[in-house]
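It should be emphasised that the depicted structure is a prediction, and the values quoted were computed from it without experimental measurement. What's counted below: heavy atoms across the whole structure, side chains too, no hydrogens, waters or symmetry copies.
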Amino acid sequence: MARRSLPFLRNLLHGCTVAAACSPPPPLGLAGSWRSVTYMPRPGDGAPRAVTLIPGDGIGPLVTDAVRQVMEAMHAPVYFEAYEVHGDMTTVPAEVIESIRRNKVCLKGGLATPVGGGVSSLNVQLRKELDLYASLVNCFNLPGLPTRHQNVDIVVIRENTEGEYSGLEHEVVPGVVESLKVYGLLSFTLISCVNLGTWESEYIYS
């Protein structure tokens with residue numbers, strides 16, 4: 001899918017050149033200029049919104065950079081506060097947590113979890129620190145983009161902090177590591193279920 005999307009993104013990013021060469025410019029706007037690509041109106045007072053950016057590890061920087069290019073091509077009213085966070089760090093820096101809390105939006109690439117040595121996953125740390133109990137995956141077809149399956153439009157919502165996501169592991173015997181599927185006290189689990197159920201309902205009816 002990424003390979004098939006590349007020509008589309010290139011055309012989008014270089015739309016100014018194509019539009020100028022192939023068609024006359026449309027009427028001037030209020031500001032005396034025109035845009036050759038999709039324009040996203042600025043919400044509220046029109047001020048650009050800050051987004052915390054964590055490129056991460058592996059393909060994370062490649063994916064997040066592609067998102068930045070798309071946002072730039074759309075003239076989206078956002079700017080990024082970038083932080084270098086990697087999976088081999090012992091903890092997520094406090095200034096990164098503060099940035100996420102302040103901006104309320106974070107674009108994050110995957111953080112690698114070192115194998116062995118009792119190192120805690122920074123992905124799990126972020127979930128717990130920010131109480132990110134709901135994980136949403138929305139899968140759907142894009143018009144004009146051929147895929148193996150058609151008419152796909154599904155949403156998967158799962159609890160993101162309990163069970164296997166507790167991040168509790170121990171070495172039973174040398175070379176044998178057990179990941180504990182631990183649920184907290186009844187009150188904690190009940191709260192998590194209520195929170196997730198409420199969030200799902202609000203998402204469905206929004």
Side-chain angles (χ1 to χ4, degrees), residues 1-2 47-72 76-139 155-200 202-203:
M1 179 174 177
R49 299 299 192 257
V51 175
T52 305
L53 172 64
I54 304 176
D57 303 309
I59 66 170
L62 179 64
V63 175
T64 55
D65 186 62
V67 174
R68 295 181 69 172
Q69 292 182 52
V70 172
M71 292 296 101
E72 182 180 352
V78 299
Y79 65 92
F80 296 93
E81 296 179 358
Y83 294 90
E84 288 296 325
V85 181
H86 300 284
D88 56 359
M89 300 171 65
T90 57
T91 186
V92 179
E95 59 268 24
V96 178
I97 299 293
E98 175 58 29
S99 174
I100 297 175
R101 293 188 187 279
R102 180 177 63 254
N103 298 332
K104 300 183 179 4
V105 180
C106 177
L107 174 62
K108 170 185 166 294
L111 298 174
T113 301
V115 178
V119 180
S120 177
S121 169
L122 295 190
N123 299 296
V124 175
Q125 285 187 28
L126 278 172
R127 293 173 190 171
K128 291 184 175 181
E129 180 68 28
L130 300 171
D131 194 23
L132 304 177
Y133 56 82
S135 172
L136 182 145
V137 177
N138 189 2
C139 182
V155 174
V156 178
I157 302 174
R158 61 175 170 81
E159 211 287 328
N160 206 34
T161 57
E162 292 189 336
E164 291 87 347
Y165 305 108
S166 299
L168 299 178
E169 300 178 346
H170 73 109
E171 192 172 29
V172 182
V173 296
V176 179
V177 178
E178 182 179 26
S179 177
L180 302 180
K181 183 175 182 179
V182 176
Y183 290 88
L185 299 175
L186 178 59
S187 58
F188 178 78
T189 302
L190 179 59
I191 291 174
S192 295
C193 292
V194 171
N195 286 342
L196 188 64
T198 302
W199 193 91
E200 291 174 343
E202 292 176 349
Y203 176 82

- [ ] Would you confirm whether D57, through its side chain, and H86, through its main-chain N or O, come within 3.5 Å as a donor-acceptor pair?
- [x] no
Task: Euclidean distance, T90 OG1 relative to D88 CG, rounded to 0.5 Å - done: 9.5 Å
Task: Side chains of V51 and N103 in contact at under 4.5 Å (non-hydrogen atoms) - done: no
- [ ] Output, in order, the C-alpha distance, side-chain angles, deciding distance and verdict of side chain to side chain contact (heavy atoms under 4.5 Å, CB included) for L111 and I54.
- [x] CA-CA 9 Å; L111 298 174; I54 304 176; 4.3 Å; yes
- [ ] Enter the distance from R49:CZ to Y79:OH here, rounded to the nearest 0.5 Å.
- [x] 9.5 Å
Open item on the list: Just verifying a value: how many Å separate T52 OG1 and K108 NZ, rounded to the nearest 0.5 Å?
Closed with: 13.0 Å
Task: Heavy-atom closest contact (P61 atom, G58 atom, distance) - done: CD-O, 3.4 Å
- [ ] Determine the minimum heavy-atom distance between T113 and S121, stating which atoms define it.
- [x] OG1-OG, 3.2 Å
Open item on the list: Is any side-chain heavy atom of S99 closer than 4.5 Å to one of Y83?
Closed with: yes
TODO: Indicate yes or no: at least one non-hydrogen side-chain atom of R101 is less than 4.5 angstrom from one of E129.
DONE: yes
- [ ] Please report the C-alpha distance between R68 and L53 in whole Å, then the side-chain angles of each, then the deciding distance to 0.1 Å, and finally whether the side chain to side chain contact (heavy atoms under 4.5 Å, CB included) criterion is met.
- [x] CA-CA 10 Å; R68 295 181 69 172; L53 172 64; 3.4 Å; yes
Task: Stepwise side chain to side chain contact (heavy atoms under 4.5 Å, CB included) check, I100 with V96 - done: CA-CA 6 Å; I100 297 175; V96 178; 4.2 Å; yes
TODO: Mind checking the CG-CD1 spacing from D65 to I59? Nearest 0.5 Å is all I need.
DONE: 13.0 Å
TODO: Would you check if the side chain of N160 reaches a backbone N or O of S135 as a donor-acceptor pair within less than 3.5 Å?
DONE: no
- [ ] Please tell me if the side chains of F80 and T64 come closer than 4.5 Å, counting only heavy atoms from C-beta onward.
- [x] no
Task: Smallest separation among heavy atoms of I97 and V92, with atom names - done: CD1-CG1, 3.9 Å
TODO: For the residue pair R158 and V137, establish whether any side-chain heavy-atom pair is separated by less than 4.5 Å.
DONE: no
Open item on the list: What's the separation between atom CD in E84 and atom CE in M89, rounded to the nearest 0.5 Å?
Closed with: 9.5 Å
TODO: Could you pull out the closest heavy-atom pair between V85 and P93, with the gap in Å?
DONE: CG2-CD, 4.2 Å
Task: Nearest-0.5 Å distance, CG of residue L130 to CD of residue Q125 - done: 11.0 Å
Task: Worked verdict on Y203 versus V155 for side chain to side chain contact (heavy atoms under 4.5 Å, CB included) - done: CA-CA 10 Å; Y203 176 82; V155 174; 3.7 Å; yes
